Amino acid sequence: MGTGKSRSNGIGAARPEMGLFGPEAADVVAASDARRAHKGANKGAHKGAQKGAQKKGQQKAKKPPIEAVLYAEVALNRPMRREYTYAVTAAFADRVVPGVRVAVSFSGKREVAVVTATATETDVPKGRLKAVDDVLDDEPVLDEKLLELTRWIADYYACAWGEALSAVLPAAMKREGGRKTVAVLYPAPGVDESRLEELEGKPSLEKQYRVLRTLLDARGPVLRKDLTKKLNVTFGPVQSLVKRGLIVIDQVIAAPDDLLSGDREARPRHAALTDDQATAVTRLTEAIDADEFCPALLYGVTGSGKTEVYLRVIEEALARGKGAIVLVPEIALTPQTVGWFLDRFGSVAVLHSGMTDLQRLDMWQRVRSGEARVVVGARSAIFAPVKNLGVIVVDEEHEPSYKQGSVPRYHARDVAVVRAKNVGAVCVLGSATPSLESWRNANQKRYVLLRLRARASGNPLPKVEIVDMRGERDERGKPRLFSRRLETLLRETIARSEQSILFINRRGFAPILWCQECHETLKCNECDVAMTWHKRLERMACHSCCKEIPVPKACPSCTAPALRFLGAGSQRVEEILRLIAPHARVGRMDSDTMMRREDYEETLGQFGRGELDVLVGTQMIAKGLDFPRVTLVGIVSADASLHQPDFRASERTYQLVSQVAGRAGRADLPGHIVVQTTATEEPSIVCAAAHDYDSFALHEDAERERHGYPPYTRLLRVVWEDEDEKRVLEASSHAAKILREELGPHQVQVMGPAPAPMALQRGRHRVHVMLKAPLSGQGMSRARAILSQLHTQRPRMAIDVDPASMM
DNA sequence: AGCACGCCGACT
DNA sequence: GTCGGCGTGCTC
């Protein structure tokens with residue numbers, strides 16, 4: 001089979017006409033062509049290797065030929081942009097269908113793979129074919145639609161089909177019987193200490209001696225990886241010992257994880273719907289009734305009752321025998337949030353990061369069997385095998401955590417829209433501060449706009465004060481961390497026994513060590529990122545690679561003993577706070593103090609019970625916390641967020657200010673919100689203070705258009721990474737040159753190569769190229785095709801489609 | 001991705 | 001010989 005034929009028989013041919021309302025349908029086709037072209041190219045490359053293959057073939061000739069009645073195309077979890085063909089014997093033939101997992105031997109190892117297509121013929125030379133060893137499922141683990149979705153992910157996000165499948169399947173399903181095998185070593189039978197003499201004393205056999213001695217001492221199998229790592233040897237000496245017949249290598253099954261039990265917490269909530277809510281529910285219910293794809297932006301401020309809309313729509317779906325998926329940002333996946341759904345619907349499957357592999361498998365099976373019809377979870381829950389899917393909810397759709405940081409680098413919100421389109425479901429994107437992409441889609445009528453105007457509770461929105469920090473200096477003229485206004489409000493709030501939250505988006509005490517002579521800042525020599533002073537450790541730490549060094553006495557670049565600390569992190573805020581309000585009970589939440597989930601819950605619990613007056617924290621306190629007694633919220637500096645090297649910095653700043661502002665004045669007590677900044681005219685800050693997202697979005701939308709950024713263009717980022725800087729530079733400039741030659745500047749604009757924002761990370765040099773293409777046209781799909789051809793493994797190349805950040 | 005295989009240079 | 005460190009190419 002191989003080329004066109006196989007695809008036309010199998011599911012692979014069902015080329016999905018889907019996309020994010022752009023030209024992706026065309027993208028998908030072109031990317032598939034690239035996949036095929038690659039396959040053809042590979043075939044030619046085989047010629048050189050023919051001799052080796054023949055040798056193997058002769059050895060194998062003794063075995064009886066495989067009696068194939070069917071051929072299966074199979075996707076393996078490897079970054080290979082193609083599938084492999086296996087023969088299927090009569091015994092397995094009826095069970096081998098697309099979506100079923102099989103066990104196959106691939107490059108000498110037994111692996112779990114997913115059948116993507118079947119055919120009755122093949123082009124693959126018979127001598128090279130292997131047979132499917134086992135069929136692992138009676139029923140496909142993925143139905144046709146989900147399989148199609150994984151194919152779309154592979155094409156759109158430029159990864160292997162097997163990698164896309166790997167993101168969809170629970171970890172336990174990627175191993176046989178939920179187990180994985182590992183290579184172990186032990187002495188050959190009959191080998192004891194006496195045999196060590198053969199190796200002793202000869203310096204050249206030193207490694208082998210150490211390996212054998214360690215294995216004899218261990219009196220049992222040792223993991224190969226552990227041993228080579230511990231003894232700092234390569235596979236070479238191990239292999240030599242095998243040849244001498246002194247040791248044996250074996251593959252064994254790794255121990256499975258233990259099954260833990262989770263608990264549930266319910267929270268009843270029923271309210272009469274506002275007019276806006278009722279309109280939204282009605283509109284969405286109509287779409288459910290019509291089995292119609294209906295993407296909608298549910299747009300309303302915090303407390304406007306988005307959750308109640310989700311709940312009602314899901315109720316309607318369930319009443320019609322349909323299921324639902326609710327995506328929430330990982331950080332919002334708390335017992336409180338989940339409780340609403342658990343309470344309203346009987347059978348809810350919750351997927352969270354704390355679960356073991358076996359727990360996830362259990363949930364997956366319960367969903368697939370139809371026992372659980374509502375799934376609540378973070379990013380990967382978008383792949384839950386919900387039967388007869390009627391509704392997908394993406395809460396806080398603007399959250400960057402929906403973009404996966406590793407392969408496949410998918411955006412769960414975008415996948416949600418595509419999946420809903422495939423199955424004709426409703427897709428509700430909810431946010432108070434929508435992403436510019438979704439806002440524009442709604443404005444352009446590609447999404448239904450459902451606006452929730454009034455706050456369901458009727459509370460007025462809190463007033464936000466912008467404080468200009470340019471005027472705030474102490475007696476010696478140095479910039480102050482707390483404005484006089486914030487200081488006064490803090491004292492008053494504490495005096496009234498009300499609570500305050502202070503937000504700072506930096507960690508540590510003083511982030512930067514700065515030389516007064518040469519104006520250099522101390523940077524991590526492996527990451528090129530400014531190192532941060534951690535007072536408790538008395539050390540400088542790199543937030544990128546976690547490296548720590550003692551605080552240098554003199555400047556490393558000019559040797560002047562003129563180092564000073566600059567800036568302020570959460571720890572410094574806490575410290576100054578203790579000076580301002582010595583009797584206040586202060587809690588701090590950042591990734592330094594919050595090592596475990598329990599720490600997080602404990603501090604929040606204390607604050608909730610009123611045992612703390614002030615909570616100081618980083619990003620992690622900006623979202624989703626709901627404390628009625630908080631009446632003061634301060635953003636110590638909104639500037640850091642504004643000055644990120646990213647075209648979404650303004651959007652993020654608006655979201656930050658808006659979210660933090662949402663922490664105050666939620667109950668009957670009036671709230672104060674103070675935003676400290678030196679950029680008082682910045683639209684993101686001004687509009688957020690005025691709770692005016694529309695004005696901000698209009699302004700930002702125009703900026704994006706003017707600078708040619710999404711949602712007016714598409715971006716694709718390629719990062720090369722290697723220890724050898726020269727190789728990285730060569731590969732990236734070669735790629736950029738080819739891309740420029742092949743693609744006209746009107747099709748795709750090629751920017752770079754340039755050092756990536758983290759130009760040096762863990763000793764690896766990083767260079768990136770940014771591609772920008774207009775929304776219409778085939779630019780990006782052609783770029784993807786070219787890139788897949790340039791796919792070398794020397795400098796590692798990573799493709800990020802629709803990158804969420806430039807870091 | 002792994003992982004063999006082959007080649008080279010260093011050491012002894 | 002032995003060993004480690006590369007680069008190259010393959011896996012149905």
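Everything quoted here is computed from the prediction, not taken from an experiment. Below, read A as the first sequence line, B as the second, and so on, with proteins coming before strands; counting in each chain starts at 1.
- Remark on DNA chain C: of its neighbouring residues A:Asp724 and A:Ala131, the 5'-side contact belongs to A:Asp724, judged by nearest-heavy-atom nucleotide.
- When each of A:Asp802, A:Asp800, A:Asp414 is checked for a side chain to side chain donor-acceptor pair (under 3.5 Å) with A:Lys403, only A:Asp800 meets the rule.
- As rounded to whole Å, 13 Å separates atom C1' of B:dA1 from atom CZ of A:Arg81.
- Considering only residues two or more places apart in sequence or on other chains, A:Glu163 meets the side chain to side chain donor-acceptor pair (under 3.5 Å) condition with none of them.
- One interatomic measurement links the two molecules: NZ of A:Lys174 to P of B:dG2, which rounds to 13 Å at whole-angstrom precision.
- Residue pairs meeting the ring pair (Phe, Tyr, Trp, His ring centres under 6.0 Å) criterion with at least one partner in residues 720-743 of chain A, sequence neighbours excluded, do not occur; the list is empty.
- Every residue two or more places apart in sequence or in another chain that forms a side-chain contact (heavy atoms from CB on, under 4.5 Å) with A:Val719 is listed here: A:Arg717, A:Arg766, A:His768.
- Distance, A:Glu73 CD to C:dC12 P: 13 Å, rounded to whole Å.
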Could you pull out the protein-nucleic contacts involving nucleotides 2-5 of chain C (nitrogen or oxygen on both sides, under 3.5 Å)?
| unit_1 | atom_1 | unit_2 | atom_2 | d |
| --- | --- | --- | --- | --- |
| C:dT2 | OP1 | A:Arg244 | NH2 | 3.1 |
| C:dT2 | O3' | A:Ser204 | O | 2.4 |
| C:dC3 | OP1 | A:Ser204 | O | 2.7 |
| C:dC3 | OP2 | A:Gln208 | NE2 | 2.7 |
| C:dG4 | OP1 | A:Lys207 | NZ | 2.8 |
| C:dG4 | OP2 | A:Thr234 | OG1 | 2.7 |

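- For A:Arg82 and C:dT11, the CZ to C1' distance is 8 Å, given to the nearest whole Å.
- Rounded to a whole Å, the CG atom of A:Leu76 is 12 Å from the P atom of B:dG2.
- Nearest-nucleotide assignment on DNA chain B puts the 5′-proximal partner with A:Ser107, out of A:Ser107 and A:Gln239.
- Following rounding to the nearest Å, A:Glu198 (CD) and C:dG1 (P) show an atom-to-atom distance of 17 Å.
- We find that CZ of A:Arg78 is positioned 14 Å from C1' of C:dG9, with the value rounded to whole Å.
- Look at OH on A:Tyr84: it is 12 Å from C1' on B:dG2, rounded to the nearest Å.
- OP1 or OP2 of C:dG7 lies within a sub-4.0 Å distance of a side-chain N or O belonging to A:Arg727.
- The two atoms that bring A:Pro385 and A:Arg419 nearest to each other are CA-NH2, 4.3 Å, heavy atoms only.
- Under the rule for a ring-ring contact (aromatic ring centres under 6.0 Å, His included), A:Tyr402 has no partner lying at least two apart in sequence or in another chain.
- A:Phe106 meets the ring-ring contact (aromatic ring centres under 6.0 Å, His included) test with A:Tyr84; sequence neighbours excluded.
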